[in-house]
Structure formats: structure tokens, C-alpha cells
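All values derive from a computational prediction rather than experimental measurement.
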Protein chains: 2
Amino acid sequence: MSDVARAAGVSAATVSRALRGEPGVSDATRRYVTEVAKRMRYAIARDASSLAGGRRYAVAVLTADVGRGDLLAGAEGALRQAGYDVLLYVLRDAEARKRFFDELPLARRVDGVLALAVNLTDAEDAALTGLDVPVVAVWDDDLREALRLAVGHLTGSGHRDVALVLAGDIDESYDEVLVAQGLPVRPEWTLWSSSTVAGGEQVVDALLDGERLPSAVISTSGEVALGVFLRLRRDGRDVPGDVSIVSLEGTDLARAVGMTAVEGAWRERGEHAVEVLLARLRGEQDETEPPSVQLVVRGSTGPARDS
Amino acid sequence: MSDVARAAGVSAATVSRALRGEPGVSDATRRYVTEVAKRMRYAIARDASSLAGGRRYAVAVLTADVGRGDLLAGAEGALRQAGYDVLLYVLRDAEARKRFFDELPLARRVDGVLALAVNLTDAEDAALTGLDVPVVAVWDDDLREALRLAVGHLTGSGHRDVALVLAGDIDESYDEVLVAQGLPVRPEWTLWSSSTVAGGEQVVDALLDGERLPSAVISTSGEVALGVFLRLRRDGRDVPGDVSIVSLEGTDLARAVGMTAVEGAWRERGEHAVEVLLARLRGEQDETEPPSVQLVVRGSTGPARDS
DNA sequence: TTGAAAGCGCTAACAC
DNA sequence: GTGTTAGCGCTTTCAA
């Protein structure tokens, strides 16, 4: 930077102000400095900038699962455009997750935290809040809303025996949504799975071991839903004749295989989360609503067997 | 840090040396300082550290497509474990890609660059090399090898009319692999697609518009391969009776739907790439081989129609 | 083995 | 509108 200052015949402070768009520089000077900097291919040393200025121009993005590509891509694009670096943390499994929250390697390193598809426990949330930077989480509310839609659709078709498959580290309180809509909750019908097709297949195995099959399965993960579908079919069950399936993660994969799903505009959801975070960073509050989700009925759901 | 120094009754320099494992500190001092730092929940200010030390403890990870989750997850885990931050850059489409290489926002910000599933053009490669940090790219070689396996499998079953679907920004020279194995190359059978199921469906539409169908389709993307499969079937074509399909991206999705695919151990491939990069960072050269890929034959391929 | 001092490249506060 | 000065929190000489 001092090179640029010398070349432009101004002080380093002026270069700094000019390049950052700070007030207190004449238009002519700003233009000239900008041009010189460009010609010299000057790239700011962010470390020094952060050290002196206090801001870090970086946001940590936590995700449980890189599979939810659109959410992540949307957030990355929006952050990048706003001039923030994206520090990616993949909380792949319980162990990685625990290590992350134990060490919490974010202190003094980021201006904010975005938790995508993570579903923080209270303790984890507290740990992040202790960092003293804004934390924005996407997924939990979205998931609840999606679940409500799915349950509504199923009860409307006479389903009462609904199994819920949760992918990732998700707390149990989702059962409440079932209860709220008047459905019974059977412990053996609340299942956990990794977010993979194979996970979905295993879920079906567990279900088949039980007394009887539920008449419908809701899965938070599109891949799991597909696994459930494939495994059921391989076992000679008809979908939706014997079992209906709803995925809470609508992607074009769901569309292509004809899976009833909640479509969430995930890229837009990621961008919206960034808006909220940036507003918090500015000390404001973003009041806009996230993009709404909607249920798209396809061939994987039908009336309940006994209705 | 000076707090820790004061509390431990040593100088900041000693704290610095102790915490980083630098020589020149007695074991007793190191242990004590480490303990005090931990007790005080000291977190180093990376900015200051980088500024003073020259190293940035950060690696840029470029990816064309967050869909290849395992590759990314593998690289992220390995980098994190080695103490590096992961700066994620999603080169989503041609425009984002161009902007990235025009601005090249990495100067003075990272110690190295990892390009995952990107396939750099010569110009792009030169731009990165100009950054003066090690650059490691994964995908191109892997893809060529995978393609060789796929082509070998198909020609072994008598296929000669093979269409190639490239997902992402991939250069055309992959045709050479077909030529090298004695296959004819027809321009209308080299197709580009976005890495989505929908993209695969569109590819089939284009194929159906042509004079005749190829007897086999190779797709670099697992999702595209699935789209091809679904669309062909919806059109009344038999797979593999009419058309065989091979995916170069073997995931459990490929397994679940019975797709012949090249399984690449992507997570391990990502970790290996990090090994190579870290070695370069240490000024060494990693000579280990990347994990090998292998073809798994499933139901989506069979003998050629006319053989 | 340890400490003191200089300086990394910026920004912010204060002058002018 | 612009320059000067003083740090930001570390690492790295150089001395002790």
C-alpha cells in the first residue's frame, strides 16, 4: 500500500480511505488512487486490515452435510458478493461436531456465523453465542414448517400411522409437530439416519423388523427418502399403495423420481440467511420473510391403506 | 497473549514459542504456559499471527459444484486437522467463474489453493500460479482414468456408438480417450450438461432429436446419469437393452439404482489432495499415489444392441 | 533458555 | 481534504 501511496503522491491514509470508499477524499483523488492501485495490481493485506480495523471480513459457515448443495451455494455467493470470506466447517459426524464445539476455533476469526442445516442444540447455540458475533441458523424453522405441510397432506389423505426419519443431528422435538396435528407418536417410528440413500434403506430394514409398517414415512432428507422408496419396492411393497413417502427436501431428484416433497427454494433460502446476518452485522434487523416452502404432491403419496 | 504472558510470568515471545511448539523453550515452561493459556481460554489472533509471521494458515478450496460433497468434505476435514482454515469458493457457473479469475481475490490471503472438480483452463491455471502459492488440482486426471475404465468396459461389450456427457466446465479433450480406444467421435454425441438430474433429462431430449441413439452413454456426473436413465425409460427405451449407461461418479445413489459406475473413493481422494498440498507447503514432494478408482458393473450396462 | 525491541501492513484519531 | 502518528497482536531477530 505504501508503494501505491508513493506512486500516487499521497499518504497511506488517503489510499486506505480512497480504496475503501470512506468519505473525506475528493473525487479526483479517489479516482486517481484507484487507478494507480489497479495499475500496480495492488491487493490489500486483509490480515493487516483486520488487525488494525477490528473487522475480519469473514463469516464461518457451518454445515452438517455438504449434500445440501444449494443452501450452501446460495449463502456462499451472497457472502462473497458482500465482500466476506467464507470459512467452511463441515460438521460431518457426531465426533467432528463435538470436536468443533469443544475447540470452537472461531474466536477472533470471523465477524459472524451461519449455521446451515445444522440444528444446534442449546449448548451448541450457547457456545456460538459466547463468541460474541451474530449467529444465524437456517433449517430448524424451515424444517418445522416443511414438516407441518407434510403432516397436513398426509392426515388429509387419512394417514395416522406416520413414521418420521430424521437425518443429521436433529433433536427429537419434531415429534411435537405430529402430536400437534393429532397424530399418535410411536417411539419405534421416530428414526435417525445418515443423509444417504443407504441410510434410507437401513431405515426400512428397521421398520420391517417392527410389528407393522406405518402407512406413511416422512424423511427430512431427499436421499434418505429415495433409499426408503427403493428398499420398500425391492421388498415387494407398493408405493404409495402400501406406504406413502414424503421428502422434506425437494430437489430435482425428487421431481425426477416422482417423490412428493416440500420444495424449499434452497438457494434463495441461503441468500436470505446471509441478508439477515449482514443486517445484524450492520446493527440493523432484517424483517423480511424467508422464501416460503410449498408441498408438491407427486406419485409417492396416496390415501392411507385403511381409510 | 500478553495477558497469558503476564499470568504465566514470562514474556510474550516465550508464550508464542511455547504454544506453537517451537524449540527453545524448556519443557517445564512450555507445559506451564500451555496450561495457563488453556485456563484463560486464550485464542490466538490469527490476523496478527499471519501479519507477523508471513504464513496465513488458510487454503482456498475452489469447487465448481458443491454436489461432489465427499470430495469437498474429505478435503475440508484434512485441512482442518492440519490447522488450516478453508476458504470456500463456489465457481457455480461460467459468469461466477470468470469474475473469480478476473478479480482473483486470493492474493496475500491463502497459503495454497486446492481446485476440486474444477478442471482449470490453461489461462486459469496460469492465473493461479501467478499467486505464487502451491496449487493442487483434483479431477482432471481422475476423470480421464475413470473415463478409460468406462470406455474399456463398454468396448468390451461390443459398444462403438458411445455418447459422452460432460458436466461442469470441462474441456473437450476428453474425446481423445474415446479415440485412443478406437471409438469414433461424433460431435453431436459429445454433450454438456449442468450437474443435475434435470440436465440429464435434457441431454436425452437432445439425443432423441438426432438421427439415431448411441448404444451407450457415459456421464461424468452421477445425477446426470440418473436423469438420462429416467428420461430414457420414460420414453419407453430399455436400459440396458437399448442404451447402456455408465456414471463416472459412483455414489451410493448409483449403487441404489443399480447404475454401473466408477467408484472413486472421493473422500479419500480429497484427503490425498490435501496431503499433496501440505507436502508442497513444507517444500517437499508427496510421491504417494491417489486412491485408485474402479469400475463396478451393475444393471445399467449390457452388450451392445447389434453385437 | 529467555527477554527486549523492532516491525509486519494496515486503520483510526487527531492535527492541520 | 489530507497527512502524521500511534497502535492492532503477534513473530522474529538479537542480546543476554
Side-chain angles (χ1 to χ4, degrees), chain A residues 1-37 40-58 83-85 105-111 131-133 281, chain B residues 1-37 40-58 83-85 105-111 131-133 281:
Chain A
M1 164 175 265
S2 55
D3 312 4
V4 177
R6 210 172 307 116
V10 296
S11 72
T14 297
V15 174
S16 174
R17 288 189 277 249
L19 261 27
R20 287 178 303 143
E22 288 281 293
V25 192
S26 75
D27 273 13
T29 309
R30 191 188 303 278
R31 262 196 303 275
Y32 182 56
V33 168
T34 308
E35 193 219 314
V36 171
M40 298 179 72
R41 300 172 156 285
Y42 167 72
I44 194 173
R46 283 277 251 261
D47 302 319
S49 176
S50 305
L51 187 56
R55 296 181 54 198
R56 253 151 283 273
Y57 304 96
Y84 283 87
D85 274 340
L106 301 180
R108 306 222 251 162
R109 246 191 263 187
V110 295
D111 298 319
L131 249 27
D132 218 40
V133 296
L281 250 18
Chain B
M1 163 174 264
S2 54
D3 311 4
V4 177
R6 210 172 307 117
V10 296
S11 72
T14 298
V15 174
S16 174
R17 288 188 276 249
L19 261 27
R20 285 178 306 143
E22 289 281 292
V25 191
S26 74
D27 274 12
T29 310
R30 192 188 302 278
R31 261 196 303 276
Y32 182 56
V33 168
T34 307
E35 193 219 313
V36 172
M40 298 179 72
R41 302 174 154 280
Y42 168 72
I44 194 173
R46 281 278 248 265
D47 302 319
S49 176
S50 307
L51 187 57
R55 296 182 54 201
R56 252 152 283 275
Y57 304 96
Y84 284 87
D85 273 340
L106 301 181
R108 309 222 248 162
R109 246 190 263 187
V110 294
D111 297 320
L131 248 27
D132 219 41
V133 296
L281 249 18

Which atoms form the tightest heavy-atom contact between [X] and [Y], and what is the distance?
X: A:Tyr32; Y: A:Ala8; result: CE2-O, 3.5 Å
X: A:Arg17; Y: A:Val25; result: CB-CG2, 3.5 Å
X: B:Val133; Y: B:Asp111; result: CB-O, 3.3 Å
X: A:Tyr84; Y: A:Ala58; result: CD2-N, 3.5 Å
X: B:Thr34; Y: B:Leu19; result: CA-CD1, 4.0 Å
X: A:Ala5; Y: A:Val15; result: CA-CG2, 3.6 Å

Would you classify [X] as touching base, sugar-phosphate or nothing, given that sugar-phosphate means primed atoms plus P, OP1 and OP2, and contacts are heavy atoms under 4.0 Å?
X: A:Gly53; value: sugar-phosphate
X: A:Arg55; value: nothing
X: A:Ser50; value: nothing

Query raised in the report: What distance do B:Arg55 atom CZ and B:Arg46 atom CZ have between them, rounded to the nearest 0.5 Å?
Result: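 Reported to 0.5 Å precision, the distance equals 9.0 Å.
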Query raised in the report: CG of A:Asp132 to CZ of A:Arg108: how many Å apart, nearest 0.5 Å?
Result: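 Between A:Asp132 CG and A:Arg108 CZ, I get 12.5 Å after rounding to 0.5 Å.
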Has the side chain of [X] got a donor or acceptor atom that lies under 3.5 Å from a matching backbone atom of [Y]?
X: B:Arg30; Y: B:Glu22; value: yes
X: B:Ser49; Y: B:Ala45; value: no
X: A:Arg109; Y: A:Arg56; value: no

Rounded distance (Å) that lies between atom [atom2] of [N] and atom [atom1] of [X]:
X: B:Arg6; N: D:dG9; atom1: CZ; atom2: P; value: 12 Å
X: A:Arg46; N: D:dG9; atom1: CZ; atom2: C1'; value: 19 Å
X: B:Asp3; N: D:dC8; atom1: CG; atom2: P; value: 12 Å
X: B:Arg56; N: D:dG9; atom1: CZ; atom2: C1'; value: 16 Å
X: B:Asp47; N: D:dG7; atom1: CG; atom2: C1'; value: 15 Å
X: B:Leu51; N: D:dT12; atom1: CG; atom2: P; value: 12 Å

Side-chain N or O of [X] versus OP1/OP2 of [N]: is the shortest distance under 4.0 Å?
X: B:Ser49; N: D:dT11; value: yes
X: A:Arg30; N: D:dG1; value: no
X: B:Tyr42; N: D:dC10; value: yes

Report task. Measure the angle between the two terminal helix axes of the helix from C:dT1-D:dA16 to C:dC16-D:dG1, five base pairs each, and quote it to 10°. Result ->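 It comes to 30° between the two terminal axes.
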Could you list all N or O pairs between the protein and nucleotides 3-6 of chain D that sit under 3.5 Å apart?
residue : atom : partner : partner atom : Å
D:dG3   : OP2  : A:Ser11 : N            : 2.9
D:dG3   : OP2  : A:Ser11 : OG           : 3.1
D:dG3   : OP2  : A:Thr14 : OG1          : 2.7
D:dG3   : N7   : A:Arg17 : NH2          : 2.9
D:dG3   : O6   : A:Arg17 : NH1          : 3.3

Requested in this report: Let me know, please, whether B:Ala48 or A:Glu22 comes out on the 5' side of the other along DNA chain C by nearest nucleotide.
Outcome: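 Comparing both residues, the 5'-ward one is B:Ala48.
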Query raised in the report: Could you give the start and end, 5' to 3', of the contact zone on DNA chain C for chain A, using atoms under 4.0 Å from its heavy atoms?
Result: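 Nucleotide range with atoms under 4.0 Å of chain A: C:dG9 to C:dA13.
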**Report entry** Side chains of B:Ile44 and B:Arg20 in contact at under 4.5 Å (non-hydrogen atoms)
**Finding:**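 In short, these two side chains do not touch, never coming nearer than 4.5 Å.
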